[in-house]
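What's counted below: heavy atoms across the whole structure, side chains too, no hydrogens, waters or symmetry copies. Residue numbering restarts at 1 for every chain, and letters A, B, ... go by the order of the sequence lines.
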Number of protein chains: 2
Amino acid sequence: MDRRQRKTRNAIFQAFTRLLEKKTYSALTVQEIIDEADISRSTFYAHFETKDELLKAMCTDIFNHVFSHEIMSEEHHDFSDKGSFQDHITHILCHLQEKQQTIKGLFSGECGEIFMRYLKEYLYQVFDRQLVDDKDIPREYRLNHAVSSFAETVRWWLGRHSDYSPEEIGRFYFESVDI
Amino acid sequence: MDRRQRKTRNAIFQAFTRLLEKKTYSALTVQEIIDEADISRSTFYAHFETKDELLKAMCTDIFNHVFSHEIMSEEHHDFSDKGSFQDHITHILCHLQEKQQTIKGLFSGECGEIFMRYLKEYLYQVFDRQLVDDKDIPREYRLNHAVSSFAETVRWWLGRHSDYSPEEIGRFYFESVDI
DNA sequence: ATAGTTACAGAACAATATGTTTGTTATCAT
DNA sequence: ATGATAACAAACATATTGTTCTGTAACTAT
């Protein structure tokens, strides 16, 4: 990738992140992002068709980092016992904590909806293999419950209670949900 | 309230609901709502300052119905045992089911974020009184978990699996969460 | 080093949406 | 019946969006 492209792409991402700390996604205009990133109007549209595409690109970047070697490495990991799966989840929480500053602004407004949907898509893959069946409750419901609860746990943690450690959060979650 | 006001307010609400079945909230323009409701531009702005205010007003309307005599009647209801609390929750689910057609469109995009936040605000009041303490997990986390899980249960139910009954959904929830 | 390619800046542009204002007509409450 | 109020129609300024153009600077490959 061209160095110039990388630079402007980063400038846009950082400007976007900074602005999201001050105001909500929907109240944010493309012009403000352009001004904050200090680039030309035509340059922005050469990179992203719309504000939404920018948001999606940022989510993709984040989750490619957070889930980089998590989902792919099916052979390397065997979560036959519950303990090692909890370690796996805690590992994901650590990655999320690294990206905290970037993620924090992505929790409110339409932004939050899109970010959480992305997060859940990845989590479905992680939890689907692990979930044990239950004759009384539909698997679909239990999977949705496990994934949603975890996603909301992340939002609660990084949004307003980031003083807890990843290990603590993992424990809270696994003591609250049956997998 | 003036009969004319009621009529246009209803026309706007219904137009809004109809349009949300076709496209997302953020893709929806004020002009489209005006056309669908068949009212004048100035009339719309006499009722609501922005599209967001319209959405909030609709949420308030819905939840005033759903939680009408639920939260207020603290004296009348005593949920000392878990069973009667489950009945209470099931009752709320019934009310939500009645408003299903209106609610269904409010689950995606920024719309969903706002609707879910409203729903959770009410649920906090309902669950806060019922939650028993646990020495190992912060009360704040457990409350958030109970509320979020229920809100996501409602979204799952009315969004894509509305063939289940309120009683079934209540059972799914209470078998998945410790209150 | 040079030629060809690609990205950026700057400016102008049409198209669309927003929110407000004005004067008029219709409907309401009593 | 009448004064008050809501709805209407049309026009308005403003702001945002997304596109297009030209000239310039930076990168790449040979």
**Request:** Provide the closest heavy-atom pair for Gln5(B) versus His47(B) in the form atom of the first, atom of the second, distance.
**Result:** O-CE1, 3.6 Å
For the aromatic rings, using the six-membered ring if either is Trp, is the centroid distance between [X] and [Y] under 6.0 Å?
X	Y	value
Phe63(A)	Phe115(A)	yes
Phe127(A)	Tyr122(A)	no
Tyr141(B)	Tyr164(A)	no

Between [options], which nucleotide gets closest to the side-chain atoms of [X]?
X	options	value
Thr8(B)	dC8(C), dA7(D), dG19(C)	dA7(D)
Arg4(A)	dT18(C), dA26(D), dT19(D)	dA26(D)
Thr43(B)	dA9(C), dG18(D), dC8(D)	dC8(D)
Ile39(B)	dG18(D), dC8(D), dA9(C)	dC8(D)

**Contact under 4.0 Å: Ser40(B) side-chain N or O vs dA7(D) OP1/OP2** = no
**Request:** Check whether any side-chain N or O of His47(A) sits under 4.0 Å from OP1 or OP2 of dA7(C), and answer yes or no.
**Result:** no
Counting only N and O atoms by type, is there a donor-acceptor contact under 3.5 Å from the side chain of [X] to the main-chain atoms of [Y]?
X	Y	result
Arg155(A)	Phe107(A)	yes
Arg139(B)	Asp128(B)	yes
Thr24(A)	Leu20(A)	no

From [atom1] of [X] over to [atom2] of [N], roughly how many Å is that when rounded to an integer?
X	N	atom1	atom2	answer
Gln31(A)	dA17(C)	CD	P	19 Å
Ile34(B)	dT16(C)	CD1	P	17 Å
Tyr45(B)	dA10(D)	OH	P	18 Å
Arg3(A)	dC8(C)	CZ	P	13 Å
Phe44(A)	dA7(C)	CZ	C1'	16 Å
Leu28(A)	dT17(D)	CG	C1'	14 Å
Gln5(B)	dT5(D)	CD	C1'	8 Å
Lys51(A)	dG18(D)	NZ	P	9 Å

**Item:** Nearest-nucleotide 5' precedence on DNA chain C, Thr29(B) against Met1(B)
**Value:** Thr29(B)
**Message:** Considering every strand and a 4.0 Å limit on heavy-atom distances, what is the contact class for Arg41(A): base, sugar-phosphate, or nothing?
**Reply:** base
**Message:** Judged by each residue's nearest nucleotide on DNA chain D, which is more toward the 5′ side, Asp2(A) or Ser42(A)?
**Reply:** Ser42(A)
**Complete:** Per-helix bend value, the helix from dA1(C)-dT30(D) to dT30(C)-dA1(D), C1' rotation axes over five pairs per end, 10° rounding, shows 50°
